[in-house]
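Given the structure is predicted, the values throughout are model-derived calculations rather than measurements. All chains are named by letter (A, B, ...) in the order of the sequence lines, taking the proteins before the strands, and each is independently numbered beginning at 1.
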Amino acid sequence: MPGIQDNLISYFKHRVRSMMGGLYFGRPCWKAATWIFKPEEIKTDIPKQSALPGTRDELIYFLHHAGLLQRTCATTQSLFEQLAALRNRKVDLLIINLIPQMPESILPCVMTEFEFPVISAAVDAIRNGLGDPPTVIAMDHHDCQSIRVWRKAAGTQRWRVCPMVNRYPLAAMPLIVRALTGRTVSPGESPAEHGVVVVDPVGCWMFGQALVTGKASERRPVQVFVAGSEPRVCAGRIGETVGEFLHRAGISVQSWQCIHNGMLAGTLVDLQSDHIQSWTETISLRPIPDAEAVTDCIRCGWCVLLCPTSLNPAALFAAPEVSNASTTALRLEARGCIDCGLCSYVCPSRLPLASTIKSIRKQLEAEGTF
Amino acid sequence: MSTQRAKTEIPDEQYPTTEGSIKSPSAATEPPFLLWPVARREYYLRLSLAAAAPLLWGFTIFGYHGLGTAIFFIGGSLLTYAALTRVRHLNTARFKFHQNLACTMVAAGLLCPLVSITWAMVGGIATALLSWVAALPKRQYIQAGLLAPLLLMLILPLPKQWPLLTRDHLWFGDIYKAQKAQIYSWPASSPGPGLDAVLLNPPDRALHILLAKIASDPGSQDSQEALNDAFALDLPSAVDQIFGGTPGRLGTVALWIIVLCGLYLSYRHILFPLAWVLFLSAVLVGLLFGPLGPRSLEYQFWQSLGGVWYLPPDYAVTLLLYELRSSDFIFASVFVLALPGTMPLEPAARGIFLAVAGIGATLIYRLDLPFPPATAALLLLQPVAPLFDMLFHRRSWLLR
């Protein structure tokens, strides 16, 4: 007879299925996830306080030697880049962003469940290096287990746990900074220019691993979503091809679509020629679906209503490709797009709104007006 | 992952792109790789399904006469659609079956069952033709199809009293007990003429009679007594209005089913609940501060500017609730607002548009113009919806 836990698991599985086709992305399927690191790869030795960086320069030095120069998150700058942008400014707030970057992401909660000691040690080291700024752990309010873990440790570590109502794409850097501080990080700016540092859990984990082993981290956790099976988190080697990674994870696919970094805003990758990057968060595999026909805009207004940065995607879509006096101001607003893909997702006419706005942005960049 | 969708039945080549700017079909090879399950087709079909419910309730109230009117109206529209799409040289790519069906179903709800079958057929043809004209390339998408029932009402002014229910009993009572009411003879009825229905004032007519009594001389004792009588006797009961025991237009008589359909459309992400609330709030404001009627403007201009405020409070509340129930405010706030293209896109523009439309609707209603007030106000304003978008454009907070 199934127990309460089994019922909960099946409930979460159902929720995942519904969230893949629903408008609101509710609680993800955290419990169904499995962490398939081999046991010997899990490090339990936590560095001593004396080994932690005490100043900002020491933190930069640590990051440099840990090989953490590149970003480890799809939507946030790396800690190294943020420290460079910070210059001599005091850090007003350190945000540990544990909100899922994609609707289907389970990384933050899996990492909290299995790797909390490493991550919390890294958070401690970063706080030390930044001069002990106020720290917020931003989490999805549905993730009760992770909230309990972080709250339990909050007494000794002096951080504040902030469960938030997560509506995709809250985890995107401008949105989380605005939600927690009210400050606006304009396009092209770093949050550090506003005194805010945002760190993602994978960055923390890789930093923690480097503190433990003393070597640059070559792996990162990657979530694998295969149509028809449970989501998994596997250790991916940075630089290996996606095909090799999937082969190591025991996944064999035959001419399926392979999508990098999320179903809403990701990119299609080739198994043999594309590589696992330091910011590869998810790999999703599915059979190639039938394309839906594109029809005219019916002015339903859903794209405008749901745009997290208050753009009018329908108007941007209708703007002609060639700039003229009347459309220049409108086209410049494409800078406000954060590439979340929500507008294209909800469009009943299946218009490629997000990709059109992206192409406008590229054009603006080429013109030097971004 | 529940992303498998049925193939669209019409190949892509038949769909010309929007202003030539669509580069490729989405969903399969470029982000987003997931799509919201409600495509354009489902959007209109759910709307048609919702519109069918009040129509069916209308048939139970008005019997076969209402059913015949609606069938001929919808039939005319569908036949015209079929004829238009068969003419090869006409550009019908933007004129879709489900869109035409949804528009016709909503338009049928605005029709009075008294319209003869010939005129119903003409109205159906006009609905399809107007929808096709509005959907021609290089035109802003507008709900021109709904103008057909409004044109019918203008061409065929309705009598002052409308029939209620066929057969020999009322939905909410026995026809023989309606002593004062005039018996209405349906054509080809059985068991004999004169036993099928009664002629009653439709709710908005009853209201305007009452408003005329208020406006005649509000200060006098006689007027006060007339007012008391009017509020006590002239107005149909709330139960009749909610369940459809009053004469009226086919789809608008039963409030409860319209509200249920509104909840269904909101649940299906087709109707914006906030838009619904905003529009009805604007209507309420308009009723609170608008003139009481055309006669009040003529004879008691200054008092009329006070609107309901110079009535005793209990009468004012009764009047406001009655007015909200009695006309097509609720119907339009559900079905006309749910039709895409009716409103502007920007949130601020939507708010102002709905406020203007709501107040305009109350003016049409209180001034006794021969249109369904809320539908007419929304249809008159919707061609300028893009102008509202332009005037009240919202800049992204990232760029401020």
Side-chain angles (χ1 to χ4, degrees), chain A residues 17-18 20-23 174 178 184-187 225 227-228 257 259 263-268 284 286 288-302 304-305 309-312 314-315 317-318 320-321 332-333 335-336 338 341 344-352 354-356, chain B residues 1-8 10-12 14-19 21-44 94 96 99 135 140-141 269-270 272 340-347 350 385-386 389 393-400:
Chain A
R17 277 192 282 272
S18 62
M20 299 307 279
L23 186 62
R178 186 178 165 93
T184 302
V185 181
S186 302
F225 227 126
Q257 265 188 344
I259 297 151
M263 301 294 278
L264 289 199
T267 49
L268 211 57
S284 307
R286 66 165 183 181
I288 300 169
D290 298 322
E292 289 192 45
V294 176
T295 52
D296 300 313
C297 176
I298 55 170
R299 293 179 60 82
C300 67
W302 276 104
V304 182
L305 185 82
T309 59
S310 313
L311 287 173
N312 186 339
F317 181 79
E321 285 189 10
L332 278 175
E333 293 200 6
R335 295 176 303 152
I338 57 167
S344 295
Y345 169 68
V346 295
C347 181
S349 297
R350 306 315 189 202
L351 297 169
S355 52
T356 304
Chain B
M1 296 175 200
S2 56
T3 58
Q4 300 296 318
R5 296 194 49 79
K7 270 188 177 177
T8 312
I10 305 171
D12 295 357
Q14 292 189 19
Y15 292 105
T17 58
T18 300
E19 310 299 336
S21 55
I22 298 175
K23 295 181 185 68
S24 63
S26 62
T29 56
E30 61 180 49
F33 297 98
L34 287 180
L35 293 171
W36 189 25
V38 180
R40 178 182 171 131
R41 185 169 171 272
E42 285 82 25
Y43 207 98
Y44 283 109
R94 298 181 180 206
K96 308 284 189 308
Q99 175 189 328
Q140 186 62 48
Y141 180 73
H269 303 298
I270 290 169
F272 292 89
T342 307
M343 287 187 290
L345 298 177
E346 305 265 356
R350 271 193 178 181
D389 271 334
H393 176 62
R394 176 183 66 172
R395 202 169 146 77
S396 168
W397 55 264
L398 265 176
L399 305 172
R400 282 172 205 156

| field | side-chain contact (heavy atoms from CB on, under 4.5 Å) involving A:I298 - partner list, sequence neighbours excluded | value | A:C300, A:P348, A:S349, B:R40, B:Y43, B:Y44, B:P340
| Side chain, backbone, both or neither: which part of A:S186 has an atom under 4.5 Å from a heavy atom of chain B? | both
| Toward chain B, the part of A:A354 with a non-hydrogen atom under 4.5 Å | neither
| request: Determine, stepwise, if the pair A:R178 / A:T184 fulfils side-chain hydrogen bond (donor to acceptor under 3.5 Å, both in side chains). | output: CA-CA 6 Å; A:R178 186 178 165 93; A:T184 302; 3.2 Å; yes
| query | Does B:D389 reach the main-chain N or O of B:P344 with its side chain, forming a donor-acceptor pair under 3.5 Å? | reply |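 No, because the side chain of B:D389 does not come within donor-acceptor range (under 3.5 Å) of the backbone of B:P344.
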| field | Check: B:P32 main-chain N/O paired with A:S344 side-chain donor or acceptor under 3.5 Å | value | no
| request: Please state whether the side chain, the backbone, both or neither of B:R350 comes within less than 4.5 Å of a heavy atom of chain A. | output: side chain
